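Given the structure is predicted, the values throughout are model-derived calculations rather than measurements. Below, all heavy atoms of this structure are taken into account, side chains as well, without hydrogens, waters or symmetry copies.
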Amino acid sequence: QVQLVESGGGLVQPGGSLRLSCAASRIAFSHYVMGWYRQAPGKQRELVASITKDGTITYADSVKGRFTISRDNAKNTVYLQMNSLQSEDTAVYYCNADWLREYWGKGTLVTVSS
């Protein structure tokens with residue numbers, strides 16, 4: 001079955017950086033739009049960033065200039081480099097794959113706190 005497995009979350013101080021990874025298996029990865037979403041406590045899940053098979057990238061306004069999404073089709077992996085992290089970035093981050101069907105990972109927790 002299809003699996004999206006996120007890693008790289010954790011506790012980081014404000015101003016710090018983290019790099020999230022999402023490894024996909026059993027999908028034609030290169031065809032999929034890959035995205036990172038997040039859900040903070042008490043809030044709805046929101047799009048953080050997405051990247052199409054052709055490399056077109058979209059960012060939420062709140063992360064522009066701080067986060068960078070990238071993909072490695074040879075490794076079936078999508079990344080999210082997060083810099084200048086703020087407390088408002090605290091959330092569970094989910095990997096998403098969307099093409100003919102949509103798939104979700106189970107999420108990885110990012111906590112930004114001093």
Side-chain angles (χ1 to χ4, degrees):
Q1 67 207 41
V2 173
Q3 281 192 315
L4 300 178
V5 180
E6 302 98 335
S7 61
L11 174 63
V12 63
Q13 292 186 341
S17 297
L18 283 175
R19 188 193 196 204
L20 305 184
S21 299
C22 170
S25 59
R26 300 184 178 87
I27 62 171
F29 181 84
S30 63
H31 291 279
Y32 279 76
V33 177
M34 299 302 299
W36 286 98
Y37 288 72
R38 68 185 180 186
Q39 187 165 19
K43 294 188 177 181
Q44 290 188 331
R45 190 173 297 190
E46 63 176 358
L47 174 68
V48 176
S50 65
I51 182 168
T52 70
K53 64 177 183 177
D54 299 321
T56 300
I57 291 173
T58 301
Y59 292 107
D61 287 343
S62 59
V63 307
K64 284 180 181 177
R66 300 188 299 122
F67 291 11
T68 302
I69 189 171
S70 61
R71 65 190 297 162
D72 186 336
N73 289 340
K75 296 182 178 180
N76 285 7
T77 301
V78 62
Y79 305 96
L80 186 67
Q81 177 67 43
M82 305 186 294
N83 299 329
S84 303
L85 283 161
Q86 305 165 357
S87 57
E88 305 87 78
D89 297 315
T90 295
V92 177
Y93 284 72
Y94 296 91
C95 180
N96 174 272
D98 190 13
W99 181 39
L100 299 179
R101 288 186 59 180
E102 187 175 32
Y103 300 98
W104 291 92
K106 293 183 178 181
T108 185
L109 177 62
V110 172
T111 303
V112 184
S113 175
S114 55

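- Leu80 and Val92 fall into different hydrophobic clusters, where Ile, Leu, Val, Met, Phe, Trp and Tyr are joined by side-chain heavy atoms under 4.5 Å apart, directly or via other members.
- Atom CG in Leu18 sits 8.5 Å away from atom CD in Gln81 (nearest 0.5 Å).
- Nearest approach of Lys43 to Gln39, heavy atoms of both residues: O-NE2, 3.1 Å.
- Here the OG atom belonging to Ser62 is positioned 9.0 Å from the CD atom belonging to Glu88, to the nearest 0.5 angstrom.
- The minimum heavy-atom distance linking Ser17 with Asn83 is given by the pair OG-OD1, 2.9 Å.
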Practice problem: For side chain to side chain contact (heavy atoms under 4.5 Å, CB included), just list the numbers for Arg38 and Val63, CA-CA rounded to whole Å, side-chain angles, deciding distance to a tenth of an Å, and then say yes or no. | Solution: CA-CA 12 Å; Arg38 68 185 180 186; Val63 307; 4.0 Å; yes
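- Taking every heavy atom of both residues into account, Leu47 and Ala49 meet most closely at CD1-O, 3.5 Å.
- Ring pair Trp99/Tyr32 is perpendicular by interplanar angle, where above 60° counts as perpendicular and below 30° as parallel.
- Side-chain atoms of Arg71 never come within 3.5 Å of backbone atoms of Val33 as a donor-acceptor pair (strictly under, hydrogens ignored).
- For the pair Ser25 and Asn76, the minimum side-chain heavy-atom distance is 4.5 Å or more.
- The two atoms that bring Pro14 and Ser113 nearest to each other are CD-C, 3.6 Å, heavy atoms only.
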Exercise. I would like to know whether Arg45 and Trp104 meet side chain to side chain contact (heavy atoms under 4.5 Å, CB included); could you show each step before the answer?
Key: CA-CA 12 Å; Arg45 190 173 297 190; Trp104 291 92; 3.2 Å; yes
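- To the nearest 0.5 Å, atoms OG1 (Thr108) and NZ (Lys106) are separated by 13.0 Å.
- Note that the OG1 atom of Thr52 and the CE atom of Met34 stand 12.0 Å from one another [nearest 0.5 Å].
- When all heavy atoms are compared, the tightest approach of Ala97 to Leu4 is N-CD1, 3.8 Å.
- A distance-only check finds no donor-acceptor pair linking the side chain of Tyr94 to the backbone of Glu6 [under 3.5 Å].
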Practice problem: Please report the C-alpha distance between Cys95 and Val78 in whole Å, then the side-chain angles of each, then the deciding distance to 0.1 Å, and finally whether the side chain to side chain contact (heavy atoms under 4.5 Å, CB included) criterion is met. | Solution: CA-CA 8 Å; Cys95 180; Val78 62; 3.9 Å; yes
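- Residues Ile51 and Tyr79 do not share a hydrophobic cluster, defined by chaining ILVMFWY side chains whose heavy atoms lie under 4.5 Å apart.
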Quiz item: Run the side chain to side chain contact (heavy atoms under 4.5 Å, CB included) check on Met82 and Asp89 step by step: do they pass?
Solution: CA-CA 9 Å; Met82 305 186 294; Asp89 297 315; over 6 Å; no
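- Phe29 and Tyr37 fall into different hydrophobic clusters, where Ile, Leu, Val, Met, Phe, Trp and Tyr are joined by side-chain heavy atoms under 4.5 Å apart, directly or via other members.
- Remark: the backbone N or O of Val112 is paired with a side-chain donor or acceptor of Thr90 at under 3.5 angstrom.
- The two atoms that bring Val12 and Gly16 nearest to each other are CG2-CA, 3.8 Å, heavy atoms only.
- Rounded to the nearest 0.5 Å, atoms CD (Gln3) and CD (Gln1) are 6.0 Å apart.
- One hydrophobic cluster, built from ILVMFWY side chains closer than 4.5 Å, holds both Tyr59 and Leu20.
- Note on ring orientation: taking the six-membered ring where Trp is involved, the planes of Tyr93 and Phe67 are tilted (angle from 30° to 60°).
- Grouping the Ile, Leu, Val, Met, Phe, Trp and Tyr side chains by contacts below 4.5 angstrom, directly or via other members, places Trp36 with Val2.
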